[in-house]
Amino acid sequence: MEALAHLAAASLTGDETKKAYAALSSGFAYGLAAIGPGIGIGYLVGKSVEAMARQPEAAGMVRTTMFLGIAFTEALALIGFVVFILVGL
Amino acid sequence: MSRAAARVAPVDPGIMQRPVAGEAPEVRISRDLLRRGLIVAPLLVGLCWVIWGPHGAASSAYGVALVLVNFALAAGAIALSARISLSMMMAAILGGYLIRLGLIFLAVFAVRHTSWISLPALGATIIVTHLGLLVWEMKYLAITLAHPGLKPARTSPQDSHDAR
């Protein structure tokens with residue numbers, strides 16, 4: 001909020017203001033985009049560890065699917081990151 | 001105790017502190033992804049050259065390298081921590097996720113103003129390579145997981161005739 005107040009108080013031209021708001025909002029977007037996959041990976045890993053603890057003999061299969069699940073979930077964060085670099089950097 | 005709870009297998013309380021037995025499947029998957037990534041890299045780089053020019057090709061090569069290193073780091077962290085304990089594996093995966101996102105950010109931040117970078121090409125390559133390689137790998141893994149014992153053995157027609 002303080003950053004927004006500074007931004008409003010600063011004497012910027014229209015183009016500079018637009019750039020500043022783009023950088024700010026893309027930063028927020030990346031932060032928000034990283035939270036969802038973080039929750040997803042936490043849930044996925046928690047359940048996988050539970051499965052490995054209950055059935056250690058199936059650990060190999062669980063780890064295989066867990067790794068792919070993590071990678072797919074991480075793709076969401078990467079999409080947020082790409083939006084960030086295209087808009088904010 | 002409910003009937004559903006009675007069906008659940010009991011858990012050894014000390015299992016979270018023990019290493020996970022068996023080979024590391026994620027290292028094998030990561031090696032597969034790396035091999036396939038190197039196969040498709042020239043195609044992606046060529047495509048980006050056509051669309052964005054030489055800067056696009058260089059950015060695309062950088063993007064492919066970022067994705068492959070990301071996969072290798074993820075697999076390495078899981079494989080190493082699984083040798084210690086299940087608890088360590090959980091910590092390594094969640095911590096590794098944040099660290100790898102930070103590393104990708106730093107890797108892109110470091111080159112953002114260089115003369116050879118094209119951010120649209122880099123972004124498109126990161127998403128396409130990451131998702132494309134995963135889907136390609138999943139096609140093989142789905143078959144292996146569904147039918148673990150059905151890998152066809154190479155036999156000569158004479159052998160199959162004798163077996164009858």
Side-chain angles (χ1 to χ4, degrees), chain A residues 19-20 22-89, chain B residues 8-13 15-16 18 20-30 33 63 66-67 70-71 74-75 78-79 82 86-87 89-94 96-98 100-101 104-105 108-109 112-113 119-120 122-127 130-131 133-135 137-138 141-142 144-145 148:
Chain A
K19 270 186 189 169
L24 204 67
S25 52
S26 61
F28 273 124
Y30 180 37
L32 290 174
I35 290 173
I39 295 169
I41 289 177
Y43 188 73
L44 191 155
V45 174
K47 287 290 177 189
S48 303
V49 166
E50 196 180 311
M52 280 186 258
R54 289 194 188 286
Q55 277 188 291
E57 69 275 8
M61 201 176 78
V62 173
R63 274 169 77 178
T64 304
T65 42
M66 180 185 76
F67 182 69
L68 277 183
I70 290 169
F72 269 110
T73 315
E74 210 177 294
L76 295 174
L78 284 179
I79 291 169
F81 175 69
V82 167
V83 170
F84 166 69
I85 62 171
L86 290 182
V87 178
L89 276 187
Chain B
V8 174
V11 179
D12 177 4
I15 198 149
M16 292 297 284
R18 283 204 291 270
V20 185
E23 56 144 3
E26 50 285 326
V27 174
R28 185 174 41 81
I29 296 171
S30 160
L33 290 170
L66 270 183
V67 169
N70 184 40
F71 278 136
I78 297 175
L86 268 177
S87 314
M89 195 174 81
M90 284 177 83
I93 292 171
L94 291 174
Y97 166 68
L98 289 177
R100 277 181 290 115
L101 276 188
I104 291 173
F105 174 76
V108 174
F109 197 74
R112 75 191 193 286
H113 288 318
L119 290 176
L122 179 68
T125 306
I126 288 176
I127 293 177
H130 191 92
L131 283 176
L133 286 178
L134 281 177
V135 170
E137 180 68 25
M138 210 177 70
L141 275 179
T144 318
L145 288 174

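By convention in this document, chain letters (A, B, ...) are assigned in the order of the sequence lines, proteins followed by strands, and residues within each chain are numbered from 1.
Contacts between B:Val67 and chain A at a heavy-atom distance below 4.5 Å are absent for every atom of the residue. Contact annotation for B:Leu134: both backbone and side-chain heavy atoms come within less than 4.5 Å of a heavy atom of chain A. Neither the backbone nor the side chain of B:Leu133 comes within less than 4.5 Å of any heavy atom in chain A. Both the backbone and the side chain of A:Ile41 have a heavy atom closer than 4.5 Å to some heavy atom of chain B. The contact between A:Ala59 and chain B is made entirely by side chain atoms (from C-beta outward), counting heavy-atom distances below 4.5 Å. Contact of B:Arg18 with chain A is not made at all, since no heavy-atom distance falls under 4.5 Å.
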- Residue pair B:Asn70, B:Leu66: steps toward the side-chain contact (heavy atoms from CB on, under 4.5 Å) verdict: CA-CA 6 Å; B:Asn70 184 40; B:Leu66 270 183; over 6 Å; no
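Taking chain A as the reference chain and counting heavy-atom pairs below 4.5 Å, the highest number among B:Glu23, B:Glu137, B:Arg100 is found for B:Arg100. Contact count against chain A (heavy-atom pairs under 4.5 Å) is highest for B:Ile127 among B:Ile126, B:Leu122, B:Ile127, B:Leu98.
Taking CD1 from B:Ile78 and OG from A:Ser48, the interatomic distance works out to 9.5 Å, rounded to the nearest 0.5 Å. Atom CG of A:Leu78 is separated from atom CD1 of B:Ile104 by 5.0 Å, given to the nearest 0.5 angstrom.
Relative ring orientation between B:Phe105 and A:Tyr30 is described as parallel, the plane-to-plane angle staying below 30° on a 0-90° scale split at 30° and 60°.
No donor-acceptor distance shorter than 3.5 angstrom exists from the side chain of B:His130 to the backbone of B:Phe71, with no hydrogens or angles considered. When atom types are taken as modelled, the side chain of B:Arg112 and the backbone of B:Phe109 share a donor-acceptor pair closer than 3.5 angstrom.
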